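To start, the structure under review is shown below, and the notes come after it.
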Amino acid sequence: GMLHVGGVRTALFNWLFARKNGGVFVVRIEDTDFERSTEESVEQLKRSLRWIGLEWDEGPEVGGPHAPYRQSERMELYRRAAQKLLDSGAAYRDFATPEELAGFREEARAAGRQPIYTGGEFREMDPEEARKRVEAGDPYTVRFRTPREGQTVVEDMIRGPVTFDNANLEDFVLMRSTDTPTYNFAAVVDDAEMEISHVIRGDDHLSNTPRQILLYRALSRELPAFAHVPQVLGQDRKKLSKRHGAASVEDFAARGYLPEALFNYLALLGAGYAADEEIFTPEELAERFRIDRVSGNPAVFDESKLLAINQVYLRRKSPEELALIAAPLLVESGAVPEEELQSDMPRLTKIMELLRERIGCTTEIPAAVGYFYGGRLDYDPEEFEKQFGKDFVQDSFPELYQRLSSLPEWTEEAIEGCVRGLAAEKEKGARHLIHPLRFATTGRTVSAGLFETMQLLGRERCLLRIEDVLEKMKQLSKPVS
RNA sequence: GGCCCCAUCGUCUAGAGGCCAAGGACAUCGCCCUCUCACGGCGAAAACCCGGGUUCGAAUCCCGGUGGGGUCACCA
């Protein structure tokens, strides 16, 4: 399904680990659950991975020595492995119906016991009888014959040894009655078959690991090294979800975050890097990555920190790059007609240079840039009154307009000289003209420096807007002093 | 509830027995710069969950409690 940020972070750690150690990063599609797995979700996953810059060395589309990399295309493998376990006695057939199982669990719960299913009568059923029932067409699952005693130890690269009592593990299902494998089984068969040396995954899998270790042993396969990285939590310390505003890679892309910023932030989150520096390229991150430094503590996702990092990356982009990012956003949002943009990319480049320091994420661009295009503006009436209600402003604006329109050249310096000159003659601070003028020409109370903004706006557009304001001023109620 | 993991400023973390009256970053709050906003500069506030041990000495080791997280399917 959607690639959750917790999931990308895990993928990122795998990528970093593989890069650092000269390994191979493999992507495998685990689609044995036909209900949940759709073509679209697979595409979405690949898109998200690529967007953030995680290219895989082996996997779907790129291929590799252990293709195919999609479990739905490897069914024979799992069936053979299941048969092998059946033959060796490591697994058995369970003919219990879903209703019977539900009944068993309910009963156990009611009696205050843990519902650990160990196959009931089927665990020790005579193979001959089992065969008869198979021939009769009775549905069954294949279950693992979990040892009832002893312990299984997971040697985790992050946490050290983690011990589980086998008695707490039930006889889990290997093959469903539909003759398809469950996650635990397929994952082990594939990891063994694909020669996976290091399994780095979310810590929601830690409790699956003893089962998988038992399976490796039953299949006489060598164990990979395991590392379980914690989940990513929301501010309320609950698992991050759409409830928190954004949770998937696509959400963050849509919110205007740069892939390299998300990459950088996620790689830092709980990874135990030294805290003196925080902006790193993927290569630098890989160079410094140490799986044993990853924190076992679940990390809280902090969007304000992501934003800060995003700003750094935005500022590092050249005005040309920013213009290229901005153009489609401006067109999509309807802020600027496409023809107008295409005919004058150099101007957009200059605009972006001016605004670069003031943008936190790319979604802010249309609002920040919009007033550089088009003619007359809509003014907030309340703010309009505030800006132009004063006598001084009303008195000096017509003259300001005259002087601006007769300026020999429309440069930042000329405009500044003009405005400051008039203010000085009137023995007023320049800010008394600057603020209303900013509002008149941009329709906003905040912008980049007024004079450079006006220069980029162009004389024609500025004068038009001032004329418009002069006109609207007349309708203002009696000036208050 | 059983089992498992985890525990330093609001958040991410540095810290691996003395260098820590705990450092950095983001966020917050001041001040400076200034035409507003942002950038930048300077500064402030802010944490070792609690209780027992071990030790000359503990944020660092051990035990217990508490708290948070995960997991208990014919889902992955």
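Any value given below was found using the heavy atoms of this structure, including those in side chains, with hydrogens, waters and symmetry copies removed. Below, chain A is the first sequence line, B the second, and so on; all start at residue 1. Predicted model, so just to flag it, every value in this text is computed and none were measured.
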Output field: ring centroids A:Phe122/A:Tyr92 closer than 6.0 Å: no
Is the centre of the A:Trp15 ring less than 6.0 Å from the centre of the A:Phe263 ring? yes
May I ask you to verify if any side-chain N or O of A:Arg176 is less than 4.0 angstrom from the OP1 or OP2 atom of B:rA76? yes
Answer yes or no: are there more than 12 heavy-atom neighbours, outside A:Arg47 itself, under 6.0 Å from its atom CZ? yes
Between A:Ile158 and A:Arg358, which residue's closest nucleotide on RNA chain B lies nearer the 5′ terminus? A:Ile158
For B:rA46, which nucleotide in any strand shown is its Watson-Crick or wobble partner with both distances under 3.5 Å? none
Does a nitrogen or oxygen in the side chain of A:Arg356 sit under 4.0 Å from OP1 or OP2 of B:rC39? no
Give the B/S/- string for nucleotides 23-28 of chain B, one per nucleotide from 5' to 3', where a protein heavy atom under 4.0 Å of the base yields B, of only the sugar-phosphate yields S, and otherwise -. BBBBS-
Ionic contact status for A:Arg123 with A:Asp94, cut-off 4.0 Å: no
How is A:Gly272 classified with respect to the nucleic acid when contacts are heavy atoms under 4.0 Å: base, sugar-phosphate, or nothing? sugar-phosphate
Scan A:Gln114 against the nucleic acid and name what it touches under 4.0 Å (heavy atoms): base, sugar-phosphate only, or nothing. base
Face-on cation placement of A:Lys428 at A:Phe392 ring, 6.0 Å and 45° thresholds: yes
Paired nucleotide for B:rU66 [Watson-Crick or G-U wobble; both distances under 3.5 Å]: B:rA7
Test side chain to side chain donor-acceptor pair (under 3.5 Å) on A:Thr180 and A:Arg79; report intermediate values, then the result. CA-CA 8 Å; A:Thr180 55; A:Arg79 286 172 192 145; over 6 Å; no
Would you say CG of A:Asp378 has more than 12 non-hydrogen atoms from neighbouring residues, nucleotides or ligands within 6.0 angstrom? no
Atom pairs, protein N/O to nucleotides 44-47 of chain B N/O, distance under 3.5 Å:
none

Using only heavy-atom distances, determine whether the side chains of A:Glu303 and A:Tyr257 contain a donor-acceptor pair under 3.5 Å. yes
Checking base pairs now: Watson-Crick or wobble, both atom distances under 3.5 Å. What partners B:rU36? none
Please determine if a side-chain N or O atom of A:Lys238 lies less than 4.0 Å away from the OP1 or OP2 oxygen of B:rG69. yes
Nucleotide of B:rU71, B:rC35, B:rA76 approaching A:Phe451 most closely (side-chain heavy atoms): B:rC35
Please determine, for B:rU71, whether a Watson-Crick or G-U wobble partner exists with both distances under 3.5 Å, and give it or none. B:rG2
OP1 or OP2 of B:rC35 less than 4.0 angstrom from a side-chain nitrogen or oxygen of A:Arg420, does that happen here? yes
Salt bridge flag under 4.0 Å for residues A:Arg420 and A:Glu425: no
Does A:Asn184 put a side-chain nitrogen or oxygen below 4.0 Å from OP1 or OP2 of B:rC74? no
A:Arg9 or A:Ser207, whichever maps to the more 5' nucleotide of RNA chain B: A:Arg9
Keeping A:Asp251 on the side-chain end and A:Ala247 on the backbone end, is there a donor-acceptor pair under 3.5 Å? yes
Closest to the A:Val162 side chain, choosing from B:rC4, B:rC74, B:rG69: B:rC4
Quick one: which of B:rU36, B:rU11, B:rG70 gets closest to the side chain of A:Val300? B:rU11
Of the options B:rU11, B:rU13, B:rA73, whose atoms approach the side-chain atoms of A:Arg105 most closely? B:rA73
Does any nucleotide pair with B:rC31 by Watson-Crick or G-U wobble geometry, both distances under 3.5 Å, and what is it? B:rG41
Choose from B:rC35, B:rC4, B:rG70 the nucleotide whose nearest atom is closest to any side-chain atom of A:Ile434. B:rC35
Is there a side-chain polar atom (N or O) of A:Arg113 under 4.0 Å from OP1 or OP2 of B:rG2? no
Indicate, with a heavy-atom threshold strictly under 4.0 Å, whether A:Ser37 touches base, sugar-phosphate, or nothing. nothing
Think A:Arg293 has a side-chain N or O under 4.0 angstrom from the OP1 or OP2 of B:rA14? yes
How would you label the contact of A:Arg444 with the nucleic acid (heavy atoms, under 4.0 Å): base, sugar-phosphate, or nothing? nothing
Flag yes if more than 12 heavy atoms outside A:Glu43 fall under 6.0 Å of its CD atom; otherwise flag no. yes
Looking at the side chain of A:Ala299, which of B:rU11, B:rU13, B:rA76 is the nearest nucleotide? B:rU13
Which base, if any, makes a Watson-Crick or G-U wobble pair with B:rA59, both distances under 3.5 Å? none
Closest nucleotide among B:rA73, B:rG69, B:rA76 to the A:Glu170 side chain: B:rA73
